[in-house]
Chemist: 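Before I ask anything, here is the structure I am working with.
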Amino acid sequence: MNVIEAIQQRRAVKAFDPHHQISPATRRALLENAALTPSAYNIQHWRLVDVRDPALRAAIREVAWGQPQVTDASLLFVLCADLDAWQEEPQRYWDTAPQPVQDFILPKLDEYYRGKPQVARDEAMRSLGLIGMSLMLIAQDLGYASCPMDGFDFDAVARLIHLPDHYAIGFMVAIGKATGESWPRERLPIDSLVVPDHF
């Protein structure tokens, strides 16, 4: 499947086969390829909580409006951002870059983030959006359906997964084998979404 086909066929699926298992090899392929997603300053802010425990899944479903995909999907990832990733051994993000690049980029990285918590949060959330889309498109390419989710109590899920204080949850992604038909897709006309030059 090419990228355009994956985009055209991807849907936010609500019904998954609760008995279908995704193999460890497929799970790993999904995650390893998603990890190639770009991120600001190559910080790779994302930390994906792979929720495998059925009891934890059930507890998350209780604070997610009872949505069945939380427990029925083969995989459930809570996409979290490490808001302090920019200052955690930042040289490791540029180890293989030429020394002049490291000499330029590392001070710029510090200058960009230091003392700017909103910037750190904004950049981390953008990175979560990118890896979330990667997960869904890779899943589609592997023959699986997906559903991005933000319909849940963020604070309650944070408590359930023991989220560290300097982390934030962006959204969840459920992945598995779809059952039934997807709802009709509704999209606004492209001319109403693209603004030439300025508003």
Side-chain angles (χ1 to χ4, degrees), residues 2-3 6-7 10 22-53 56-57 60 73-142 144 146-150 152-175:
N2 64 35
V3 174
I7 291 170
R10 186 214 59 81
I22 290 179
S23 72
T26 300
R27 180 194 302 259
R28 187 159 190 86
L30 174 70
L31 292 170
E32 286 182 345
N33 284 287
L36 300 175
T37 298
S39 60
Y41 285 95
N42 197 37
I43 289 173
Q44 303 155 69
H45 311 74
W46 47 72
R47 301 296 180 267
L48 309 183
V49 178
D50 181 359
V51 186
R52 301 183 186 191
D53 179 3
L56 180 55
R57 289 268 202 110
I60 292 175
S74 302
L75 304 175
L76 180 71
F77 297 111
V78 183
L79 277 59
C80 306
D82 180 352
L83 304 179
D84 288 346
W86 65 271
Q87 60 184 337
E88 296 165 350
E89 300 178 59
Q91 70 281 357
R92 66 190 166 137
Y93 308 130
W94 293 89
D95 270 350
T96 58
Q99 194 60 50
V101 173
Q102 294 187 44
D103 293 343
F104 172 79
I105 203 76
L106 291 172
K108 287 296 181 188
L109 186 159
D110 189 88
E111 177 186 326
Y112 186 73
Y113 285 103
R114 188 165 299 282
K116 303 171 187 170
Q118 189 63 52
V119 169
R121 184 180 177 85
D122 289 349
E123 287 286 9
M125 289 299 157
R126 281 189 278 271
S127 292
L128 287 186
L130 291 170
I131 197 169
M133 193 73 239
S134 291
L135 282 168
M136 291 185 285
L137 291 179
I138 295 164
Q140 189 71 40
D141 189 54
L142 292 170
Y144 287 103
S146 63
C147 183
M149 303 180 65
D150 62 2
F152 58 90
D153 183 329
F154 280 63
D155 291 336
V157 171
R159 288 191 295 272
L160 287 167
I161 64 171
H162 305 155
L163 191 74
D165 289 341
H166 61 286
Y167 281 58
I169 295 174
F171 56 106
M172 300 191 297
V173 175
I175 296 171

Chemist: For the residue pair I131 and L48, establish whether any side-chain heavy-atom pair is separated by less than 4.5 Å.
Modeler: yes

Chemist: For T37, enumerate each residue passing the side-chain hydrogen bond (donor to acceptor under 3.5 Å, both in side chains) test, keeping only those at least two apart in sequence or located in another chain.
Modeler: S134

Chemist: Would you give the length of the straight line joining atom CZ of R47 to atom CG of L79, rounded to the nearest 0.5 angstrom?
Modeler: 12.0 Å

Chemist: Could you tell me which non-hydrogen atom of A40 sits nearest to which non-hydrogen atom of E123, and how far apart they are?
Modeler: CB-OE1, 3.2 Å

Chemist: In Å and rounded to the nearest 0.5 Å, what is the OG to CZ distance from S39 to R126?
Modeler: 12.0 Å

Chemist: In terms of ring plane angle, is the pair Y41 and Y112 parallel, tilted or perpendicular, where the classes change at 30° and 60°?
Modeler: tilted

Chemist: If you measure from OH on Y113 to CD1 on I43, what distance do you get to the nearest 0.5 Å?
Modeler: 3.5 Å

Chemist: Hey, is CG on D165 packed in by over 12 heavy atoms from elsewhere, all under 6.0 Å?
Modeler: no

Chemist: Answer yes if the side chains of D122 and Q118 hold a donor-acceptor pair under 3.5 Å, and no otherwise.
Modeler: yes

Chemist: Rounded to the nearest 0.5 Å, what separates atom CD in Q99 from atom CZ in F104?
Modeler: 14.0 Å

Chemist: Taking all heavy atoms of C80 and all of L128, pick out the closest pair and write down the distance.
Modeler: O-CD2, 3.3 Å

Chemist: What's the shortest heavy-atom distance between G132 and F171, and which atoms?
Modeler: CA-CZ, 3.8 Å

Chemist: Please evaluate residues R114 and W86 with respect to the criterion side-chain contact (heavy atoms from CB on, under 4.5 Å), reporting the C-alpha separation (whole Å), side-chain torsions for both, the decisive distance (0.1 Å), and the verdict.
Modeler: CA-CA 9 Å; R114 188 165 299 282; W86 65 271; 3.8 Å; yes

Chemist: Check E111 against K116 and note the closest heavy-atom contact, atom names and distance.
Modeler: O-NZ, 3.0 Å

Chemist: Determine, stepwise, if the pair D84 / Y167 fulfils side-chain contact (heavy atoms from CB on, under 4.5 Å).
Modeler: CA-CA 8 Å; D84 288 346; Y167 281 58; over 6 Å; no

Chemist: Look only at the side chain of R121 and the backbone of L83, and say whether a donor-acceptor pair between them is shorter than 3.5 Å.
Modeler: no

Chemist: Looking only at atom types and distance, does a side-chain atom of Q102 sit under 3.5 Å from a main-chain N or O of W94, one as donor and one as acceptor?
Modeler: yes

Chemist: Taking it one step at a time, do D82 and H166 satisfy side-chain contact (heavy atoms from CB on, under 4.5 Å)?
Modeler: CA-CA 6 Å; D82 180 352; H166 61 286; 3.1 Å; yes

Chemist: Hey, mind stepping through M172 and I60 against side-chain contact (heavy atoms from CB on, under 4.5 Å) and telling me if it holds?
Modeler: CA-CA 11 Å; M172 300 191 297; I60 292 175; 4.0 Å; yes

Chemist: Determine whether a donor-acceptor pair (N or O, by modelled atom type, separation under 3.5 Å) exists between the side chain of Y93 and the backbone of A85.
Modeler: yes

Chemist: Who are the side-chain contact (heavy atoms from CB on, under 4.5 Å) partners of F154, not counting sequence neighbours?
Modeler: D150, F152, I169

Chemist: Nearest 0.5 angstrom please: L135 CG to L130 CG, how far?
Modeler: 11.5 Å

Chemist: When you measure from the side chain of Q44 to the backbone of N42, do you find a donor-acceptor pair of N or O atoms at a distance under 3.5 Å?
Modeler: yes

Chemist: Could you go through residues 26-35 and list every donor-acceptor pair under 3.5 Å that involves a side-chain atom there, pairing it with any protein atom two or more places apart or in another chain?
Modeler:
| residue | atom | partner | partner atom | Å |
| --- | --- | --- | --- | --- |
| T26 | OG1 | S23 | OG | 2.9 |
| R27 | NH1 | D50 | OD1 | 2.9 |
| R27 | NH1 | D50 | OD2 | 2.6 |
| R28 | NE | E32 | OE2 | 2.9 |
| R28 | NH2 | E32 | OE2 | 3.4 |
| N33 | ND2 | A29 | O | 2.8 |

Chemist: Measure the CG-OG distance between L137 and S146 for me, rounded to the nearest 0.5 Å.
Modeler: 8.0 Å

